[in-house]
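A short write-up of the structure that comes next.
All values derive from a computational prediction rather than experimental measurement. Positions are given from 1 along the sequence.
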Amino acid sequence: MFWTVTFNPAVDYVVRLDRLVTGAVNRCSGEEIFFGGKGINVSCVLAELGVRSVALGFCAGFTGRAIEEGVRAMGVETDLVRLKSGSSRINVKIRGQAETEINGQGPDISEEAIGELLVKLDRIAPGDTLILAGSVPATLPENIYERILAGLSGRRIRFVADASGKQLLSLLRHRPFLVKPNDIELGELFGAVPQTDEEVARLAGRLQEMGAENVLVSMAERGALLLDGQGQIHRCGVCRGELVNSVGAGDSMLAGVLAGLERGGWDYALRLGTACGGATAFSGGLGKRELIDKLMEQLS
């Protein structure tokens, strides 16, 4: 069983413009609504691949109810803590000549609500996988990830961290099964700018020395590299298609890799992750199974 945590889920309101003019009234040529947040994105793509997960986190107000209903309609089981005040955030994504994003802040999260989440996390059984994805919002303590992992210590739970910077470094002592920085984030951790596969693999190896078992590095148009726990390097290029969306592609790749490991080894998992990331990048929202399968054919 997979479990995802999304502290600050959102309604993503996507508007399409031929041209954005500041200080003027702009008429959109199209609009869409999506429900997301990094952990929820992972859960939704897992569901698209026929893999069950439970989405945990917080929600509030009418937007929180919409998120719950929308995510459940996508086949994901939710067990969100409903906050007593505030509203879950709305993010505005403007897609025109360039992508512009305006992300909401989200509701305040009380210590009582944090306690409720920790109780829900007790449902996780030995052998399950917990995915912690995204930055910690200002309304939560900076050490919330570590509090979660401390409470689950010794339970034989496999956990995955999709974080960056100091947050990622602080989690390495808990020996994550998998971490997923991109190549820029990986370089920033060590004051480097990796240009080649060898340089990326070397820095990924440093994360392993610090506690990570497996390291997945996404590299945009260069594809992805994975360094497994046995020191083997796995490499996959990119899919062919028209880039129309950058939101959720990394989350989709992570979901594909985890689903792929349920069915095969690292090479297959990396191909499936690449296909899932590509399907999202080539779609208005998260990638669907039909396109994922077509992109897998490109990579076989």
Side-chain angles (χ1 to χ4, degrees), residues 1-6 38-56 71 74-78 123-133 155-162 175-182 201 204 208 212-219 223-241 248-283 285-300:
M1 170 69 82
F2 292 93
W3 305 74
T4 64
V5 174
T6 305
K38 292 185 71 64
I40 284 176
N41 292 342
V42 172
S43 278
C44 289
V45 176
L46 284 173
E48 194 68 24
L49 296 170
V51 177
R52 184 184 172 203
S53 71
V54 179
L56 303 172
V71 172
M74 297 177 72
V76 177
E77 180 182 343
T78 65
R123 293 176 54 196
I124 303 178
D128 286 355
T129 299
L130 172 65
I131 298 121
L132 301 175
R155 298 267 295 273
R156 293 189 296 111
I157 294 167
R158 190 171 69 169
F159 91 92
V160 175
D162 184 359
R175 304 196 66 79
F177 169 73
L178 177 68
V179 297
K180 196 204 78 63
N182 62 41
Q208 287 184 327
E213 183 176 348
N214 304 283
V215 182
L216 169 64
V217 184
S218 55
M219 302 184 294
L225 180 147
L226 189 140
L227 181 64
D228 70 25
Q230 284 69 51
Q232 296 297 310
I233 296 172
H234 306 266
R235 190 70 167 85
C236 188
V238 294
C239 302
R240 299 185 303 276
D251 308 323
S252 301
M253 170 176 278
L254 179 58
V257 167
L258 293 173
L261 281 178
E262 297 289 291
R263 304 164 187 169
W266 282 115
D267 286 328
Y268 173 78
L270 187 56
R271 289 200 307 274
L272 183 56
T274 299
C276 289
T280 292
F282 305 153
S283 305
L286 296 175
K288 298 300 182 182
R289 183 62 182 266
E290 182 179 0
L291 181 53
I292 293 169
D293 290 342
K294 288 181 179 178
L295 295 180
M296 278 294 283
E297 294 177 4
Q298 287 187 15
L299 300 170
S300 59

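- A distance of 5.0 Å separates OG1 in Thr280 from CG in Leu286, rounded to the nearest 0.5 Å.
- For the atom pair CZ of Phe282 and CD1 of Ile292, the computed distance is 12.0 Å after rounding to the nearest 0.5 Å.
- In this structure, the side chain of Gln208 engages the main chain of Glu213 through a donor-acceptor pair within 3.5 Å.
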Legend entry - side-chain contact (heavy atoms from CB on, under 4.5 Å) between Val5 and Leu130, worked out: CA-CA 8 Å; Val5 174; Leu130 172 65; 3.8 Å; yes
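- Shown here for Leu270 and Val257, the closest heavy-atom pair between the two residues is CA-CG2, 4.3 Å.
- Test Met296, Met253, Glu262 against Leu272 for side chain to side chain contact (heavy atoms under 4.5 Å, CB included) and you get one pass: Met296.
- Within the 4.5 Å cutoff, no side-chain heavy atoms of Met219 are placed close to those of Asn182.
- The pair Asp162-Lys38 meets the salt-bridge criterion, with a side-chain N (NZ, NE, NH1 or NH2) lying under 4.0 Å from an Asp/Glu carboxylate O.
- A search for side chain to side chain donor-acceptor pair (under 3.5 Å) contacts involving Ser283 returns nothing, not counting sequence neighbours.
- Under a 3.5 Å cut-off, the side chain of Arg155 and the backbone N or O of Ile124 do form a donor-acceptor pair.
- Residues passing the side chain to side chain donor-acceptor pair (under 3.5 Å) test with Glu77, sequence neighbours excluded: Arg52, Arg123.
- Between the Ser252 side chain and the Gly277 main chain, no donor and acceptor come within less than 3.5 Å of each other.
- Residues satisfying the salt bridge (Lys or Arg N to Asp or Glu O under 4.0 Å) criterion with Asp293, sequence neighbours excluded, are Arg289.
- Atom OG1 of Thr129 sits about 11.5 Å away from atom CH2 of Trp3, to the nearest 0.5 Å.
- In this structure, the side chains of Phe2 and Arg158 come closer than 4.5 Å at one or more pairs of heavy atoms.
- The shortest heavy-atom contact between Val215 and Pro181 is CG1-CD, 4.3 Å.
- Between Cys239 and Leu299 there is a side-chain heavy-atom pair separated by less than 4.5 Å.
- Atoms CD and CH2, on Gln232 and Trp266 in that order, are 13.0 Å from each other to the nearest 0.5 Å.
- Ala279 approaches Leu295 most closely through the heavy-atom pair N-CD1, 3.3 Å.
- For the residue pair Ala133 and Gly39, the shortest heavy atom distance occurs at CB-N, 4.1 Å.
- Glu290 pairs by the salt bridge (Lys or Arg N to Asp or Glu O under 4.0 Å) definition with Lys294, not counting sequence neighbours.
- Residues Glu48 and Gly287 approach most closely at CG-O, 3.8 Å, considering heavy atoms.
- Note that CZ of Arg263 and CG of Leu49 are 5.5 Å apart. Values are rounded to the nearest 0.5 Å.
- Leu258 contributes atom CG, which lies 4.5 Å from atom CG of Leu254 (distance to the nearest 0.5 angstrom).
- Of all heavy-atom pairs spanning Lys180 and Gly250, the tightest one is CE-O, 3.6 Å.
- In this structure, Val160 and Val179 have side chains that are not in contact, with every pair of non-hydrogen atoms separated by 4.5 Å or more.
- Panel note: side chain Thr78, backbone Ala55; no donor-acceptor pair is recorded below 3.5 Å.
- The closest donor-acceptor contact from the side chain of Asp228 to the backbone of Asn214 lies at 3.5 Å or more, if one exists at all.
- Taking the side chain to side chain donor-acceptor pair (under 3.5 Å) definition, one finds that Ser53 meets it with Ser43, sequence neighbours left out.
- Among residues two or more places apart in sequence or in another chain, the side chain to side chain donor-acceptor pair (under 3.5 Å) test is passed with Asn41 by Asp251.
- Residues Leu178 and Leu216 have side chains in contact (heavy-atom distance under 4.5 Å, counting atoms from C-beta outward).
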